[in-house]
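Just below is one structure, and these are the notes that go with it.
A note on names: the letters A, B, ... follow the listed sequences, proteins ahead of strands, and every chain is numbered from 1. The basis for the numbers below is simple: all heavy atoms, side chains too, and nothing from hydrogens, waters or symmetry mates.
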4 protein chains.
Amino acid sequence: MSPQSSPISLAGLFPPIPTPFKENGDVDYDHLHSNLNRWNQEPLNGYVLGGSNGEYVFLTPEERVETVRRVRQLIPPGRLLIAGSAMESTRDTIALTRRMAEAGADVAIVVTPSYYKGRMTAAALEHHYRLVADASHIPVMLYNVPANTGVDMPAQVAINSATHPNIVGLKESGGDVAKIGFMVQETPPDFQILAGSAGFLLGALAVGAVGGVAALANIAAAPLARMVEAFHRGDMAGARKIQLHLIEANTAVTSRFGVPGLKAAMDMLGYYGGPVRSPLLPLSEEDQAALRKVLVKAGLL
Amino acid sequence: MSPQSSPISLAGLFPPIPTPFKENGDVDYDHLHSNLNRWNQEPLNGYVLGGSNGEYVFLTPEERVETVRRVRQLIPPGRLLIAGSAMESTRDTIALTRRMAEAGADVAIVVTPSYYKGRMTAAALEHHYRLVADASHIPVMLYNVPANTGVDMPAQVAINSATHPNIVGLKESGGDVAKIGFMVQETPPDFQILAGSAGFLLGALAVGAVGGVAALANIAAAPLARMVEAFHRGDMAGARKIQLHLIEANTAVTSRFGVPGLKAAMDMLGYYGGPVRSPLLPLSEEDQAALRKVLVKAGLL
Amino acid sequence: MSPQSSPISLAGLFPPIPTPFKENGDVDYDHLHSNLNRWNQEPLNGYVLGGSNGEYVFLTPEERVETVRRVRQLIPPGRLLIAGSAMESTRDTIALTRRMAEAGADVAIVVTPSYYKGRMTAAALEHHYRLVADASHIPVMLYNVPANTGVDMPAQVAINSATHPNIVGLKESGGDVAKIGFMVQETPPDFQILAGSAGFLLGALAVGAVGGVAALANIAAAPLARMVEAFHRGDMAGARKIQLHLIEANTAVTSRFGVPGLKAAMDMLGYYGGPVRSPLLPLSEEDQAALRKVLVKAGLL
Amino acid sequence: MSPQSSPISLAGLFPPIPTPFKENGDVDYDHLHSNLNRWNQEPLNGYVLGGSNGEYVFLTPEERVETVRRVRQLIPPGRLLIAGSAMESTRDTIALTRRMAEAGADVAIVVTPSYYKGRMTAAALEHHYRLVADASHIPVMLYNVPANTGVDMPAQVAINSATHPNIVGLKESGGDVAKIGFMVQETPPDFQILAGSAGFLLGALAVGAVGGVAALANIAAAPLARMVEAFHRGDMAGARKIQLHLIEANTAVTSRFGVPGLKAAMDMLGYYGGPVRSPLLPLSEEDQAALRKVLVKAGLL
């Protein structure tokens, strides 16, 4: 195995990009291309592929790898490609992580296994991440998203995993800034924590997160980048103003309307959102109207 | 599509059999064979493959299909082969369900999709099951197991799905006998509900369940069959005595120690349990001792 | 202290009676009287006062005691008066339990303290119940109702408390019949468990409960009594038929519409239901119509 | 009724002070006095009495009022006295709120009713708060603490209540800074939100909270005040350093060890902590040792 020796920076903004589908449900690589052409103009530091917003659980491993391979060709130097490579089993996760490295991913992001909730103890999760990181040819990020998995990774898992030379960070989507602060305090400075949603991004930056992987960054990169910049130059009032202005829109494309909401918002804003895969259902007309209103209120539409 | 027209009986006892692995983690078909040789002597009505106890989330689709193909050859006529064919997406579930039919499964059992918990509304679940049942060449069972999925399928989903000619029943692992009774009451007589655990099997029979898919049936088929028989001949006192005697052992191989506990119990009782796949961890020695004590107390060891 | 030495039977049906209020919110003792006159004609084994359905958390200790004192005068010999005497603190619970004994209660029922959820360990609960039972002049019942308290009393608390000479039983409202069966198995024969809702009453009887404290018994004592009787004479088919017929109505006056639903149903059925105390809100007209439909469907109206 | 017309500032730090008890369990007013003498020297903006840390659920209304009356005499001008006046019913809450005003409280803080969890809808909570605020002679704060109540007040309740002239703010203990930011955005500028715990205080300030009601402020007022000051003068790095340093200690006196932990910490630090009321249990020796270690690590001991 060859753990990454040179440090990699996860600081900044990373949209977890949705996977575009054609009407027949197949992956729509052409629209993936056109979306990226536009995102490449936005103030972003890279992309997360195969995350929750990428409907990764509906993709075959082949689709997941192929998407990474294509995107690698489409993004300019200096932008990171972070690829979701989690499967439920450790052995499948290792195999897919290796394929992602070959396909050109810079970093593998690995959501907690979750089916056997009662057995996903801190010890089990640490064991899993250690084996994956040992076997991976690229750096590994942990990923905690209890709203989807029903598992809330204990802080101690991150703290213990942070000493592994090939585990470089964590995407924390749980929204508990006290937990984020505690992990920042108890891990080495080179362990990098990213907020998993724009709704608590400023709160997370305040306690030491280095950036965010945020669904909202797909459609609001510019104001989010301005917020991060304001924060870093000490303009808390300015940062707060932007943060408060965006929370409702963030909720709309995450917990309120989910991936169907994010894709509908993209359609409204000139990206290709397109259909979701079943069992996700498309947004009702009533929900689309509510979404549109929120986007207008937030100044995004 | 060709929905099943002749009725199929799901009454009785069905162990959700564990998938045996070799020390290197590969599926161990030889031990699958030897276990089945023994189970075939037990008073069982069939087998569930690729359920939660089968560690299906750790198996590739190929392993899931191959297991079904092999088991089909190993079981005598008159025993049902119920195969788990769920994937997260509807399209993958349809594809796998068809492969299961070709591999010889009698019935497909389909656990609720669960990753996008907030969007798995009754409407989404009903839509999913309808599409799967439309496309399946074999009858379909619903499967609700909130402890693993974090989704609790509303009763209304079963009630609405029960009118589909190719949806024949439900495995309910949630343990809420009021809900089971309500579904029995509100569905046609040919919609068959099975308790998903031996811990509440007698309670479920009392309100109209026709049997059980129970981890404990892997190691305690005889007493469970005696309990079911006592219930059906009106000997509630006899049935209750057996039920109460087995609850602690049932808990041990389910919520308390999980699949590692079930496999360890099988090893203690002369079956091949063998290792679990990571991230599940093997039972500690202390837990093994506690498990042994419970099995002895229950008269199983 | 003087623990009860002669055994007391908790077998049978006990409605947890609502506390009637006047339009101005005061306790309406006249209507309490008229309701009891009618309940006294029904096949019931006694009454629970000051339970969740009695809105006990909205009553002052004085109102709770006075209600017991009055009801004691209104019920015929042979019917038990079980009085809720729980406060959050052990010392207040002891004081109120003693007042309930003086006011004429036969048994005190004590819901788990719950405000400090994270600290209500098995040890804390056992300690609490032991102190209360030591100090009480009447027998004590445990009471577990997680839907209201957010605390689910571990089975071990009942098992350990059952050896106390002055702790005679448990009202279990959680609905987990595997847990009920386990507690029946692990406690002495004279420890009596009652189902806390009619929805799982037959399932609970099947595993050894001796009866039920059920909101539905306020308005459906006759069919529930026929169900219990059918169960005891071995007519499971007859018992099941009644059980299944009543589950939806039971849900309506418990989890679906709560105490406002129970009181509205009583008004519809010729009892005095009357208003609830705020912050409970009265049932909307739409909900009243839905409730009426359910009661008609169940043959109660 | 006479709603407060002049604005009242809730900005700053407010310890929710524990209620000291003698060994016999009675309220220990002498030690309350000595503790206040010391707190009065600390950089605090007032006190919350009868909150969760005050074990208010274990106090009689008389004890709650008497504590307020005494403390009113013991604190210097310019420090607010915020008194918990919640009961489960609206009518009892109104009565106690009025007594608190007479006893000298500046503000009443009213935790959400919670026993009938399923019925505590946004409409029910808004109705409750409106009636209480209408009747109160002093300004009213909302109080949301889901870890104790099992009810999570929707943001909309605060937003709708904020327009009431006598509702001045909210103590939010849920820790969700996205929710806090959303409420800041959607309420008038004079509606003041306080973080309910020091663990997420900096994150809450970042999105517009005006201060905190924090258990940790009982024992760490000075560093917390320095953090708030650093935040306000734009020194985020300095504020963050203090915040991260204190999270573990904050957890120790809240979710980890609860009120027994806070009282034990006070004993270690020269305040009078003393016993808790049962069913809370005192901290074990092992937990005391762990607590001591945390306090030393945080530089508090």
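Residues forming a side chain to side chain donor-acceptor pair (under 3.5 Å) with Asp152(C) (at least two apart in sequence, or on another chain): Asn144(C), Lys179(C).
Looking only at side-chain heavy atoms (C-beta outward), Tyr115(C) and Val111(D) come within less than 4.5 Å of each other. Within the 4.5 Å cutoff, side-chain heavy atoms of Arg119(D) are placed close to those of Pro260(C). The shortest side-chain heavy-atom distance between Tyr116(C) and Glu55(D) falls under the 4.5 Å cut-off.
Side-chain atoms of Ser278(D) do not come within 3.5 Å of backbone N or O of Thr90(C) as any donor-acceptor pair.
Heavy atoms closer than 4.5 Å to chain D are found in the side chain of Leu131(C), but not in its backbone. Proximity to chain D (any heavy atom under 4.5 Å) is restricted, for Ala147(C), to the backbone atoms N, CA, C and O. Interface residue Ser114(D): only backbone heavy atoms are found under 4.5 Å from chain C. Contact annotation for Asn148(C): both backbone and side-chain heavy atoms come within less than 4.5 Å of a heavy atom of chain D. Residue contact with chain C, scored on non-hydrogen atoms closer than 4.5 Å, is absent for Val151(D).
The most heavy-atom pairs under 4.5 Å with chain D, out of Met87(C), Lys117(C), His128(C), come from Lys117(C). Between chain D and the options His127(C), Met120(C), Arg91(C), Arg277(C), the largest number of non-hydrogen pairs under 4.5 Å is found for Arg91(C).
Applying a 4.5 Å heavy-atom cutoff, the residues of residues 251-258 of chain D that approach chain C are Arg256(D), Phe257(D), Gly258(D).
For Glu286(D), the CD atom counts as loosely surrounded, since its 6.0 Å shell holds 12 or fewer non-hydrogen atoms of other residues, nucleotides or ligands. Heavy-atom neighbours of Glu285(C) CD from other residues, nucleotides or ligands within 6.0 Å: at or below the threshold of 12.
Nearest heavy atom pair, residue Pro279(D) against residue Ser89(C), reads CD-CA, 3.9 Å.
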